[in-house]
Asks: 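Just dropping this structure here.
Residue numbers start from 1 in every chain, and the chains themselves are labelled A, B, ... in the order their sequence lines are given, proteins ahead of strands.
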2 protein chains.
Amino acid sequence: MSNKKTTLKDIAGKLNISTAAVSKALRNDSRISKKTKEAVKKIAKDLDYQPNNLASALRSGKSNLVGVMVPSTSSSYFSSVLQNIEEVLNSKGYNVIVTQSNESYTKECNNIDTLLFTQVDGIIASMANETIDLNYFEKIKSKGIPLILFDRGENNLNVDYIGINDYDSSHMIVNHLVQEGRKNIAHIGGFKHTRIFNNRIRGYIDALQKHKLTLFDDYVSESNLTIEDGRAQMKKLLALKNPPDAVYAASDYAALGALQVLKEEKIAVPKTIALVGFGNEPFTTMVTPTITTIDQHSAEIGKIAAQTFLEYADQKTTTQQLNKKILEAKLIVRESS
Amino acid sequence: MSNKKTTLKDIAGKLNISTAAVSKALRNDSRISKKTKEAVKKIAKDLDYQPNNLASALRSGKSNLVGVMVPSTSSSYFSSVLQNIEEVLNSKGYNVIVTQSNESYTKECNNIDTLLFTQVDGIIASMANETIDLNYFEKIKSKGIPLILFDRGENNLNVDYIGINDYDSSHMIVNHLVQEGRKNIAHIGGFKHTRIFNNRIRGYIDALQKHKLTLFDDYVSESNLTIEDGRAQMKKLLALKNPPDAVYAASDYAALGALQVLKEEKIAVPKTIALVGFGNEPFTTMVTPTITTIDQHSAEIGKIAAQTFLEYADQKTTTQQLNKKILEAKLIVRESS
DNA sequence: TACTTTTGGTTAATCGATTAAGCAAATATA
DNA sequence: TATATTTGCTTAATCGATTAACCAAAAGTA
């Protein structure tokens, strides 16, 4: 009924011993008698003692907090990565602070500042679409804090990166569409300045070439890949003199937007136009037709990211270098192709 | 290039003044000369000084951290609430630690422990489906930390609660279905021990009564309301001698499961059976037919929850009582009814 | 007996920022 | 000129947990 937090001092006071003795008793120091240990533990339990992490963190220089920054938690990909990071880190005594950038560079900078301010022991992040300037990420490195990137990363930062093979994924998709007899394949892409989207575009172009298909300039676009972007790009494609017979969108959201337009225009999917997305968001199985897509192994990426952080966790000096862990993605063929 | 964090001491050393002077200079204390202030600020900037929150938090007793616990961040409802909590609290200098219970009581207890351990200044939570025992939530109160519940809350805890009017929502749904000429309305419900689901069931039953409709025992079920639960319950309903002509599911996920079964069985929706969900998850607009549902004002609930915490934030003693803020929900009629 | 070792603690310093209290020098006031 | 006030800092204590260094008493050993 105290309505106050219990400290070592409270326990020490009850037993007329020093706080040092209490601290040692709780950590089973060999120089404390069994009798004292038992007494301390009993009182600790009675008073519902919980160590003040701020104090230990300040002294030890470790907060046991890890910052995670994602563009948005509502995408099921990021949500799943997050959940797995949390699971791995919690089991090792770390807590996770989650922040969202909402694809905004400004928000991302603010988030980094608050994470550093909170004295996190490390940062795991996926960059916003907007982000081009890497200064703020360099700041993390200069503070000696391990930085792990996943999904949206940058080679130039020279830190660990976990992701899938985007270039190969594009090949898998184009191969699949060609096998289905498609010849005019369009690509609703992300911005080239983001490495993963650039790789998807390169993969798409090279795959077309491999199959001796013509690459029409009008067939490739860059956008934020939202549902709205998908709608807009699909409308543009339909307005072309030679509309495509297959569309590969670099995100499921864009694919969904495209599908909406196709349905509104009563265009048969996949008969007239086949559609492929990217990300294996749950809604791809909910819509009609279900959408063919690429699975990005979100759970595994989260786990590996967390483990990568843990490798640095106990070292006093952090020297990172570019270290990529690339998973092979998986094509999931559904009704839309 | 230092690869180390800058402290007040570092700045003080450069200028040969005390750390106290540096601290005051940075906070614009009137007792520090303009000259010193400028010198301090310049060096602080050069060394990229960032105050150590652990130290200030320890001294002030405020961590500026708020814990948020939700059953899962992947539901768009919780994700949106989260985003709005974060927005409001960040603007007031608070950081948010997000934890997920995954609907597990054990995980919930662990999460509460870690949040308390991290010395959060307050906790905003929505309870797991499993949770019946409230001891762990009492623990939060006994530490003198404000606790704000939303969506899934409990009157007995006597704390602030923000949610929608579930009882009325059921009435709105039943009224709508009756207007559409339905007479046999079934309810795929959540567990009665959770207040909101109990209210939805009570609302459903009372609304039937109001319209002089018979309440068949077989028409009401309790479950976790996952997609799988929705599928199972829908199958049970279809197997009845007198299957319903309308189904009201207490979650969009359950509604989606039900819809899948109906489509598999080639049953016309809404012609043969009308369907209504709950929550206005984005996928309700993505599927065919789009699903009628209830909007829960997630953004507003997040904002109010955050503001409610802020009301307690500056008080040294927290005495909470049952204080409900109930929003009226909104029925969104779509193709499925 | 005289010394060493072990036991079971205590004292005091530390992490970094903040702030009450103090104090010397400069300035103002009577 | 003598006293009061203001300026501009410094000193030291604080938050709570941890730990190196220390010490007295008990137990062991030669």
Side-chain angles (χ1 to χ4, degrees), chain A residues 2 4-41 43-44 47-65 93 116-121 143-144 316, chain B residues 2 4-41 43-44 47-65 93 116-121 143-144 316:
Chain A
S2 55
K4 261 318 252 166
K5 289 172 194 161
T6 307
T7 69
L8 285 187
K9 217 181 192 173
D10 300 329
I11 302 176
K14 288 245 174 196
L15 290 170
N16 257 327
I17 57 176
S18 67
T19 60
V22 176
S23 172
K24 288 179 185 165
L26 290 172
R27 341 186 94 237
N28 272 323
D29 190 297
S30 64
R31 301 293 285 276
I32 301 292
S33 70
K34 192 172 284 183
K35 216 177 81 184
T36 307
K37 281 183 190 167
E38 279 165 6
V40 166
K41 285 177 184 169
I43 303 218
L47 298 183
D48 198 15
Y49 171 74
Q50 206 133 16
N52 184 329
N53 186 235
L54 294 178
S56 346
L58 176 59
R59 187 165 202 285
S60 67
K62 306 210 101 206
S63 65
N64 288 315
L65 246 39
L116 292 177
F117 177 66
T118 318
Q119 308 294 118
V120 293
D121 291 341
K143 298 269 177 188
K316 45 233 122 264
Chain B
S2 55
K4 258 321 244 172
K5 288 172 196 160
T6 307
T7 69
L8 286 188
K9 218 181 189 171
D10 299 329
I11 302 177
K14 289 246 175 195
L15 290 171
N16 257 328
I17 56 176
S18 68
T19 62
V22 176
S23 172
K24 286 179 187 163
L26 290 172
R27 339 186 96 238
N28 271 323
D29 190 298
S30 63
R31 300 293 284 276
I32 301 292
S33 70
K34 193 171 282 183
K35 215 178 83 182
T36 307
K37 280 182 190 167
E38 278 165 5
V40 165
K41 284 176 184 169
I43 302 217
L47 297 183
D48 199 15
Y49 170 74
Q50 206 134 14
N52 183 330
N53 186 235
L54 293 177
S56 350
L58 176 59
R59 187 165 201 285
S60 67
K62 305 211 102 203
S63 65
N64 289 316
L65 247 40
L116 292 177
F117 177 66
T118 318
Q119 308 294 118
V120 292
D121 291 341
K143 299 270 176 186
K316 43 235 121 263

Asks: Nearest 0.5 Å, what's the CG-OG distance between B:N53 and B:S60?
Replies: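 It comes to 8.0 Å.
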Asks: Just call it for B:I17: base, sugar-phosphate, or nothing, with non-hydrogen atoms closer than 4.0 Å on any strand.
Replies: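 Since only primed, P, OP1 and OP2 atoms lie under 4.0 Å of B:I17, the category is sugar-phosphate.
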Asks: Which residue lies toward the 5' end of DNA chain C, B:L8 or A:K37, if each is placed at its nearest nucleotide?
Replies: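 Checking each residue's closest nucleotide, the 5'-ward one belongs to A:K37.
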Asks: For B:L116 and A:K5: C-alpha separation, side-chain torsions, deciding distance, then whether side chain to side chain contact (heavy atoms under 4.5 Å, CB included) applies.
Replies: CA-CA 10 Å; B:L116 292 177; A:K5 289 172 194 161; over 6 Å; no
Asks: Between B:K24 and B:N52, which residue's closest nucleotide on DNA chain C lies nearer the 5′ terminus?
Replies: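 Upstream on the strand: B:N52.
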Asks: Are there more than 12 heavy atoms of other residues, nucleotides or ligands under 6.0 Å from atom NZ of B:K14?
Replies: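 Counting other residues, nucleotides and ligands, NZ of B:K14 stays at 12 neighbours or fewer.
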Asks: Would you jot down, in residue-number order, the residues of residues 28-35 of chain B having a non-hydrogen atom under 4.0 Å from DNA chain D?
Replies: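 Output list: B:R31, B:I32, B:S33.
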Asks: Quick one: does A:K37's side chain have a donor or acceptor within less than 3.5 Å of a partner on A:D29's backbone?
Replies: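 It does hold such a pair.
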Asks: Taking the nucleotide of DNA chain D with the nearest heavy atom to each, does A:A21 or B:N16 sit closer to the 5' end?
Replies: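 This one resolves to B:N16.
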Asks: Hey, which sits more toward the 5' end of DNA chain D by its nearest nucleotide, A:S23 or B:A20?
Replies: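 Here B:A20 is the residue nearer the 5' end.
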Asks: At under 4.0 Å between heavy atoms, what does B:S18 touch on the DNA or RNA strands: base, sugar-phosphate, or nothing?
Replies: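 Base, at least one base atom sits under 4.0 Å.
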Asks: First locate atom NZ of B:K24, then atom OG1 of B:T19, and finally report the distance between them rounded to the nearest 0.5 Å.
Replies: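 Reported to 0.5 Å precision, the distance equals 10.0 Å.
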Asks: Kindly indicate whether the side chain of B:N52, heavy atoms from C-beta on, has any atom under 4.5 Å from the side chain of A:L58.
Replies: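 Yes; the side chains approach each other to less than 4.5 Å.
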Asks: Dump the intermediate steps for side chain to side chain contact (heavy atoms under 4.5 Å, CB included) on A:V40 and A:I11, then the final yes or no.
Replies: CA-CA 7 Å; A:V40 166; A:I11 302 176; 4.2 Å; yes
Asks: Looking for any heavy atom pair under 4.0 Å, which part of the strands does A:T36 touch: base, sugar-phosphate only, or nothing?
Replies: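 If one applies the 4.0 Å heavy-atom cut-off, A:T36 turns out to touch the sugar-phosphate alone, with no base involved.
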Asks: A quick test of your reading: do over 12 heavy atoms of other residues, nucleotides or ligands sit less than 6.0 Å from NZ of A:K41?
Replies: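 Result for NZ/A:K41: enclosed.
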Asks: Which two nucleotides bound the region of DNA chain D that has atoms under 4.0 Å from heavy atoms of chain A, read 5' to 3'?
Replies: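 The footprint of chain A covers D:dG16 to D:dA21.
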